[in-house]
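These numbers were taken from a predicted model, which means no experiment stands behind them. Every number for a ligand or one of its atoms is a count from 1 in the order of the listing.
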Amino acid sequence: MGVTAQVSSGHVSTGHSAAALLERAARRALLAPSIHNTQPWRFVLTGDALEIRADPSRRLDVLDPRGRQLVISCGCALLHARITLQAAGHEPVVHRFPNPQDPELVARVEVGPVGTFPGSGSLDHAIDQRRTNRRQFIGDPLPQQLILHLQWIAHTEGAVLVPAVSPEAVAAVADTSAFADDIEMADAGYLAEIAAWTTDDPRRCDGVQMASVPRNGGGSSEGPMVREFDLDGLGWLPTPARETNRQTLLLLCARGDDERTWLRTGEALERIWLTLTDAGFSASPLTQAVEVRSAHRMLQERLGLSAIPQILLRAGQAPQAAASRRRPAREVITTRPATTADPTPQGGTP
Ligand SMILES: Cc1cc2nc3c(=O)[nH]c(=O)nc-3n(C[C@H](O)[C@H](O)[C@H](O)COP(=O)(O)O)c2cc1C
């Protein structure tokens, strides 16, 4: 399918072919954040569509047996693809889990009509700037206006963002995170997974690099615990002092707990994260309290939530962290000509 330059609402399309736009979307999608930088995805270009596929061989069996965080990670990649197409002046047409016989196919993305998408250029730029910050935050916490804006963004992506700002809410999050962290750190299988997915090998293109984790002792008694990745004392970042009140805790919740909801949660997470980046703030997810079932229940009860907590984010101001690595495009992006076997679902959404 060729796409030629068109004019619509004063916006001129790039004039690139759909195939070129989708290839760029795939290259931008692989920059998405993922649990332990597992990059649990594959991208297949079929000429008129980009398939985003989950890679179950990269699932964390101990930490994430249901594949919830794997699918959330794929949702982050999907958001990158959507933003890339919008920034190029095209509406993305997205079919989520389009084929029940093919559960690894989490989304099919097509190039839709030319349009104008305010803010997409800034978010596209933020894709290259976004990092996970595991340092202590400095400077001012998030302004109230920005928190309200992020809540609206979560809403537009089908999620619910609950800021935990009162001392009671911060204590609830800190207590449940510490409780969950203790349980996970006592689990040999969990520790083995952390060791397998943490690396100081400069040639390795996945996993969490030592350059981006604090020397062991990432936790604090006043705020929730940053996940401990440094089991051998090789972390490059300074061990944080006692946490200050300069971080804002944001709990991203959903109305359900199935694969579709997880995918939408990932899209919401990444739109929030890119928006924070664009506004000059940093963030890092910390998900222990959501992973451990008893802690999850405790968190929901203490915060009085009807929605289901999916991801906790700490956000604030911090020096730019080092960029993490990604597997090369040739390993994760493949091309397959469209076949008549490919279902052509109707009624995709942006
Ligand atoms: C679903 C999800 C859960 C994550 N959970 C944590 C976490 O608990 N602790 C943490 O330090 N980072 C967490 N991260 C951040 C990843 O480790 C990070 O995205 C990855 O290492 C790539 O680094 P980058 O975000 O700087 O590109 C999570 C990311 C995702 C998408």
Side-chain angles (χ1 to χ4, degrees), residues 28-41 54 58-60 62-64 66-80 126-136 159 173 176-178 180-181 184-185 190 193-194 197-199 204-214 216 218-219 223-230 235-237 240 247 249-252 254 261-274 276-277 282-292 295-296 309-315 318-327:
R28 305 290 283 160
L30 64 79
L31 299 176
S34 58
I35 179 73
H36 288 13
N37 201 18
T38 47
Q39 304 167 44
W41 44 56
R58 293 182 160 260
R59 193 185 63 207
L60 301 171
V62 178
L63 182 142
D64 189 30
R66 291 195 296 159
R68 188 182 64 87
Q69 300 199 60
L70 180 154
V71 175
I72 291 177
S73 303
C74 289
C76 295
L78 170 57
L79 196 274
H80 279 203
I127 288 176
D128 298 304
Q129 315 300 320
R130 187 210 54 79
R131 312 266 190 274
T132 296
N133 169 62
R134 299 186 185 86
R135 291 174 191 259
Q136 190 171 358
V173 174
T176 43
S177 291
D181 205 59
E184 290 190 322
M185 292 299 281
Y190 170 86
E193 237 171 33
I194 289 275
W197 286 99
T198 310
T199 181
R204 190 164 159 189
C205 298
D206 58 8
V208 175
Q209 279 127 31
M210 283 300 172
S212 66
V213 307
N216 61 17
M225 324 278 285
V226 172
R227 193 192 296 279
E228 182 69 87
F229 284 103
D230 184 19
W236 287 19
L237 300 181
Q247 70 179 1
L249 298 173
L250 303 167
L251 190 59
L252 187 59
T261 315
W262 301 336
L263 190 66
R264 295 295 285 138
T265 300
E267 293 172 79
L269 167 66
E270 190 56 358
R271 189 178 281 279
I272 288 167
W273 204 341
L274 293 178
L276 279 166
T277 305
S282 304
S284 67
L286 58 165
T287 42
Q288 299 97 308
V290 184
E291 287 151 13
V292 175
H296 188 270
Q310 296 286 349
I311 292 275
L312 178 64
L313 264 184
R314 51 192 281 278
Q320 177 75 320
S324 60
R325 299 211 184 84
R326 293 296 182 274
R327 290 183 291 155

Trainee: Quick one: nearest non-hydrogen protein atom to atom 25 (O) of ligand 1, plus distance?
Mentor: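 I find the closest protein heavy atom is T132 OG1, 2.6 Å.
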
Trainee: Answer yes or no: is there a donor N or O on one side and an acceptor on the other, between the side chain of R59 and the main chain of A54, under 3.5 Å?
Mentor: no

Trainee: Of G266, A289, S324, which has the heavy atom at the shortest distance from atom 24 (P) of ligand 1?
Mentor: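 Checking each option, the heavy atom nearest atom 24 (P) of ligand 1 is found in S324.
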
Trainee: Is the contact between I311 and ligand 1 made by the side chain, the backbone, both, or neither, using heavy atoms and a 4.0 Å cut-off?
Mentor: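 Side chain only; the backbone of I311 stays clear of ligand 1.
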
Trainee: Can you tell me which residue and heavy atom of the protein come closest to atom 31 (C) of ligand 1, and the distance to 0.1 Å?
Mentor: S34 CA, 3.5 Å

Trainee: Below a 4.0 angstrom heavy-atom separation, can you tell me which part of Q209, side chain or backbone, both or neither, approaches ligand 1?
Mentor: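 Neither; no heavy atom under 4.0 Å.
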
Trainee: Looking at residues at least two apart in the chain, or sitting in another chain, which of them share a ring pair (Phe, Tyr, Trp, His ring centres under 6.0 Å) with H296?
Mentor: none

Trainee: Considering heavy atoms of the protein only, find what lies nearest to atom 5 (N) of ligand 1 and give residue, atom and distance to 0.1 Å.
Mentor: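 Result: T287 OG1, 3.2 Å.
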
Trainee: Give me the residue, atom name and distance of the protein heavy atom closest to atom 3 (C) of ligand 1.
Mentor: Q69 OE1, 3.2 Å

Trainee: Where is the nearest protein heavy atom to atom 11 (O) of ligand 1: which residue, which atom, and how far?
Mentor: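 I find the closest protein heavy atom is R134 NE, 2.6 Å.
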
Trainee: I need the nearest protein heavy-atom contact for atom 21 (O) of ligand 1: residue, atom name and distance, please.
Mentor: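 Nearest protein contact, heavy atoms only, for atom 21 (O) of ligand 1 is N37 CB, 3.4 Å.
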
Trainee: What protein heavy atom is closest to atom 14 (N) of ligand 1, reported as residue, atom name and distance in Å?
Mentor: P285 CG, 3.5 Å

Trainee: I'd like to know if the side chain of R314 reaches the main chain of N133, judged simply by a donor and an acceptor atom lying under 3.5 Å from each other, with no hydrogens or angles considered.
Mentor: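 Pair found, side chain donor or acceptor close to backbone of N133.
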
Trainee: I need the nearest protein heavy-atom contact for atom 19 (O) of ligand 1: residue, atom name and distance, please.
Mentor: P33 CB, 3.1 Å

